[in-house]
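Counting starts at 1 for both ligands and their atoms, following the listed order. Please read all numbers here as calculations on a predicted model, not as lab measurements.
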Amino acid sequence: MAVTTTSLAPLDWIVFKIAQRCNLNCTYCYVYNRGDDSWKGRPPIVPDEVVSAVGRRIAEQCAKYSLERFVVEMHGGEPLLVGKARMQRIIDSLRGLCPGVELRLILQTNGLLLDEEWLVLFERNGMSFGISLDGPPEVADRHRVFLNGKGSTRQLLQNIERLRRAGPRFDRLLGGVLCVVDPTVNGGDVVRWFVENGFDCFEFLLPDVNYVNQSPGWPGVAPFRRFLQEAFDAWYALEERAPQIRLFEVMLMAFMGIKPQLDALGGDLRKLCVVESDGSIGVSDVLRFCQGEFSVDRLNVATDPLDARTDAYRIDEIQRPSAKCEACPHLQSCGGGYLPHRYDGRSFANPSIYCEALYAVAERMAAALRADVPPSLIQIRPTAAGSTAGRLEVSP
Ligand code: SF4
């Protein structure tokens with residue numbers, strides 16, 4: 001999942017799928033286990049000519065919109081499967097093709113192949129990385145399993161411990177942790193587990209389901225509502241020891257009139273695109289599990305500019321909030337949720353399937369702010385919808 005912190009602007013971020021295979025087979029994975037098999041027909045490792053075409057398209061995009069900075073988020077599958085020599089070649093190629101552009105390189109990994117040499121490579125190239133970790137092994141390994149079905153989290157934690165023993169590099173380069181929510185556990189316990197294990201920046205992701213595509217055993221929204229409320233309460237109670245949890249921070253900031261972009265909270269999808277290992281340009285890799293027109297490749301870096309997909313996939317139209325969201329007192333913080341979670345088989349003109357959970361945690365935040373933020377700084381207004389929830393806004 002991509003996070004940007006700038007307001008509306010041209011596309012300046014790509015999720016680049018440099019590897020199309022993985023050494024894990026997570027049960028909830030939107031790439032392998034949710035009905036989209038397009039990965040099978042793409043190169044397992046991105047070919048050099050696709051990397052070159054991506055570099056040229058980034059340079060073209062930056063020139064067109066006078067962009068000085070651009071983000072390339074390396075993804076998979078598992079991106080470390082490309083190997084170190086190949087990774088260095090990819091980096092050199094992209095940087096060589098984008099002179100004058102500050103290319104920020106980040107990478108999302110399951111962490112199992114990470115070693116000190118990878119960290120040195122990241123450091124040498126000014127990269128940071130994120131790790132996917134769903135909490136303690138007894139929770140995470142219900143889903144994060146190797147291809148043989150065995151849990152992977154103990155091995156990951158041992159790996160992290162070894163890297164931390166070797167010095168501060170691991171924590172210095174770690175941008176954050178992505179945690180897919182397992183709603184059978186207490187959200188507060190998960191927050192405390194991360195803090196106790198030395199992770200001070202993480203993100204909760206809600207499993208990718210929508211009104212027509214739900215994973216087997218998906219329990220409905222209520223357990224997610226409880227989880228998020230427990231997690232928020234635990235996080236808020238930690239006060240100055242609270243880690244960064246972007247989902248909560250971005251929602252809270254919206255109550256103060258600031259709304260950094262987070263695609264899980266209705267962030268503008270014109271800002272970023274996904275490029276597959278065969279050069280196909282898509283809206284978002286997660287959107288592929290909506291299938292239909294969103295799983296059809298229409299554009300490629302060999303022939304099309306990166307921003308062509310705004311029109312090709314009707315992004316302006318499909319990301320518009322639903323009528324219910326437009327009338328909701330919490331639209332500003334929730335943003336209508338993550339676009340793939342809004343799909344009903346025909347359109348995205350719906351609240352997120354997680355609406356009830358997002359609304360409830362927004363209510364919790366509003367209550368916390370009412371109690372803690374000095375009245376001279378905030379105003380609580382009744383909403384257009386007449387809800388008693390009110391919207392908090394910074395006084396002029
Ligand atoms: S809480 Fe529900 S209705 Fe309100 S903006 Fe979010 S998804 Fe839409």
Less than 6.0 angstrom from the centroid, inside 45 degrees of the normal: does Arg226 satisfy that with respect to the ring of Phe232?
no
Mind listing the closest non-hydrogen atom pair of Asn110 and Leu156 along with its distance?
O-CD1, 3.4 Å
Least distance between heavy atoms, Ser277 atom then Arg42 atom
OG-CB, 3.5 Å
Leaving waters out, which protein N, O or S atoms fall under 2.8 Å from atom 8 (Fe) of ligand 1?
Cys325 SG
What class does the angle between the rings of Phe224 and Tyr354 fall in, given that below 30° is parallel, 30 to 60° is tilted and above 60° is perpendicular?
perpendicular
Centroid separation Phe129 to Phe122 less than 6.0 Å:
yes
Could you tell me which residues satisfy side-chain contact (heavy atoms from CB on, under 4.5 Å) with Pro243, sequence neighbours excluded, listed by chain and number?
Val195, Phe202, Trp235, Leu238, Ile245
